[in-house]
Amino acid sequence: QIQDLTFLIKNYYLTELYLNNNELTDISGALKHLCSLQILFLHNNELKKLGKTVKELKGMISLQTLNLFQNPLAYDPDYRLHVIYFLPSVQLLDRKLVTQRERESALHLYNPKRAWVMQSIAFGKRADTSLRTAVGSSRGTQPARRPVMPSGIYNTQRKTYISRVPFEDPEDAVLVRATTRSLMEFSSVDWNKVATCQERRLKNKAEEPLEKLTVQLR
């Protein structure tokens with residue numbers, strides 16, 4: 001029937017804490033000093049505010065096992081992804097291992113810009129810029145293939161489209177990145193064919209335009 005955690009104020013070196021099956025309604029200001037915690041059980045309490053609860057635990061960089069199930073906050077539709085994103089050190093949440101796919105989905109939900117950048121670098125590999133096999137060519141017979149964009153939802157509060165699931169096929173991410181790259185342009189001139197200042201003064205005829213070679217790359 002524990003309701004107050006002020007008695008933990010001096011227990012800085014705790015590594016395990018079992019507070020499950022009590023009557024806790026708020027942990028704000030009671031646990032954030034426990035930076036050495038590795039295991040924390042808070043399930044079957046009365047914690048209602050997901051944001052405040054997770055904020056209290058954000059400083060626990062060693063926290064690996066966390067239980068929050070059977071609390072009102074666990075009924076939030078984004079509860080698990082919220083905890084996974086804001087508490088990245090947690091490996092086991094509510095007796096279930098945190099998967100890489102869940103981490104990617106959490107990143108898409110709470111930081112879509114960073115998620116898009118990570119996908120746009122072709123998963124850490126050099127992207128093929130030719131696109132001949134992906135979109136076909138004038139001489140080929142293979143039709144162009146449109147990438148399957150990630151499924152997602154429209155966030156009415158942020159007024160942004162948020163992808164919950166990354167690209168199903170890594171080649172789609174490579175294709176999107178390659179088609180949206182910045183255009184680079186290189187120009188070269190044969191300076192041996194360019195008249196010097198003295199030659200220009202001696203010649204009374206119009207100077208011929210320079211022969212400039214320009215190459216564009218994407």
Side-chain angles (χ1 to χ4, degrees), residues 1-9 11-12 14-119 123 148-168 173:
Q1 299 178 345
I2 295 176
Q3 298 179 352
D4 182 42
L5 297 178
T6 54
F7 61 88
L8 291 171
I9 194 66
N11 296 79
Y12 297 103
L14 283 177
T15 57
E16 299 182 15
L17 183 57
Y18 303 90
L19 292 168
N20 48 298
N21 305 320
N22 283 292
E23 297 180 2
L24 297 171
T25 58
D26 189 11
I27 61 171
S28 298
L31 300 179
K32 61 183 178 181
H33 62 287
L34 303 177
C35 299
S36 299
L37 268 185
Q38 299 177 14
I39 299 175
L40 176 60
F41 285 4
L42 285 168
H43 57 278
N44 197 18
N45 278 281
E46 297 297 327
L47 300 174
K48 298 179 181 179
K49 297 183 178 180
L50 178 60
K52 290 183 64 176
T53 301
V54 172
K55 184 179 180 181
E56 183 71 14
L57 308 179
K58 286 182 70 174
M60 300 179 183
I61 57 177
S62 301
L63 188 61
Q64 298 181 4
T65 302
L66 175 64
N67 280 353
L68 287 171
F69 62 93
Q70 292 183 347
N71 279 286
L73 58 78
Y75 294 100
D76 187 295
D78 295 322
Y79 151 72
R80 187 171 176 87
L81 294 183
H82 185 99
V83 176
I84 290 173
Y85 178 77
F86 289 101
L87 302 177
S89 64
V90 173
Q91 305 294 325
L92 189 66
L93 176 60
D94 294 345
R95 301 174 180 174
K96 182 181 178 182
L97 283 173
V98 177
T99 65
Q100 182 60 31
R101 188 173 184 83
E102 286 180 318
R103 294 193 187 280
E104 293 172 354
S105 298
L107 184 63
H108 275 272
L109 180 61
Y110 292 99
N111 198 341
K113 290 185 178 179
R114 182 181 177 187
W116 179 254
V117 170
M118 291 180 66
Q119 282 191 337
F123 303 94
V148 180
M149 300 300 289
S151 59
I153 59 171
Y154 184 78
N155 190 313
T156 55
Q157 294 180 347
R158 303 177 188 174
K159 296 183 179 180
T160 55
Y161 182 84
I162 300 176
S163 298
R164 284 182 175 274
V165 182
F167 287 94
E168 296 180 359

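Along the sequence shown, the residues carry numbers beginning at 1.
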Plane angle bin for Y110 and Y85 - parallel if under 30°, tilted between 30 and 60°, otherwise perpendicular
parallel
What I want to check is whether the side chains of N44 and N21 have a donor and an acceptor closer together than 3.5 Å.
yes
Quick check for you: to the nearest 0.5 Å, what is the distance between [X] atom [atom1] and [Y] atom [atom2]?
{"X": "I61", "Y": "Q38", "atom1": "CD1", "atom2": "CD", "answer": "11.0 Å"}
{"X": "H43", "Y": "N22", "atom1": "NE2", "atom2": "CG", "answer": "10.0 Å"}
{"X": "L63", "Y": "Q91", "atom1": "CG", "atom2": "CD", "answer": "10.0 Å"}
{"X": "D94", "Y": "Q70", "atom1": "CG", "atom2": "CD", "answer": "9.5 Å"}
{"X": "L68", "Y": "L87", "atom1": "CG", "atom2": "CG", "answer": "8.5 Å"}
{"X": "F69", "Y": "N45", "atom1": "CZ", "atom2": "CG", "answer": "10.5 Å"}

A side-chain contact here means heavy atoms from C-beta on lying under 4.5 Å apart; do [X] and [Y] qualify?
{"X": "S89", "Y": "Q64", "value": "no"}
{"X": "L37", "Y": "L14", "value": "yes"}
{"X": "N11", "Y": "L17", "value": "no"}
{"X": "L50", "Y": "H82", "value": "yes"}
{"X": "R103", "Y": "V98", "value": "yes"}
{"X": "T25", "Y": "Q3", "value": "no"}

More than 12 heavy atoms of other residues, nucleotides or ligands under 6.0 Å from CG of L92: is that the case?
yes
F7 atom CZ, over 12 foreign heavy atoms within 6.0 Å:
yes
Heavy atoms only: give me the nearest S36-S62 pair and the separation to one decimal.
O-CB, 4.3 Å
Give the intermediate values and the outcome of side chain to side chain contact (heavy atoms under 4.5 Å, CB included) for residues L40 and L34.
CA-CA 10 Å; L40 176 60; L34 303 177; over 6 Å; no
Under the side chain to side chain contact (heavy atoms under 4.5 Å, CB included) rule, what do N20 and N67 come out as? Steps first, then yes or no, please.
CA-CA 8 Å; N20 48 298; N67 280 353; over 6 Å; no
Donor-acceptor list for residues 52-60 side chains, cut-off 3.5 Å, not counting sequence neighbours:
from	atom 1	to	atom 2	distance (Å)
T53	OG1	K49	O	2.8
E56	OE1	G29	N	2.8
E56	OE2	G29	N	3.1
E56	OE2	A30	N	3.0
E56	OE2	L31	N	2.8
E56	OE2	K32	N	2.7

Go through the structure and list residues passing side-chain contact (heavy atoms from CB on, under 4.5 Å) with D4, not counting sequence neighbours.
T6
Applying side-chain hydrogen bond (donor to acceptor under 3.5 Å, both in side chains), name anything that partners E16, two or more places apart in sequence or on another chain.
Y18
What's the verdict on side chain to side chain contact (heavy atoms under 4.5 Å, CB included) for V90 and I84, showing C-alpha distance, side-chain angles and the deciding distance?
CA-CA 7 Å; V90 173; I84 290 173; over 6 Å; no
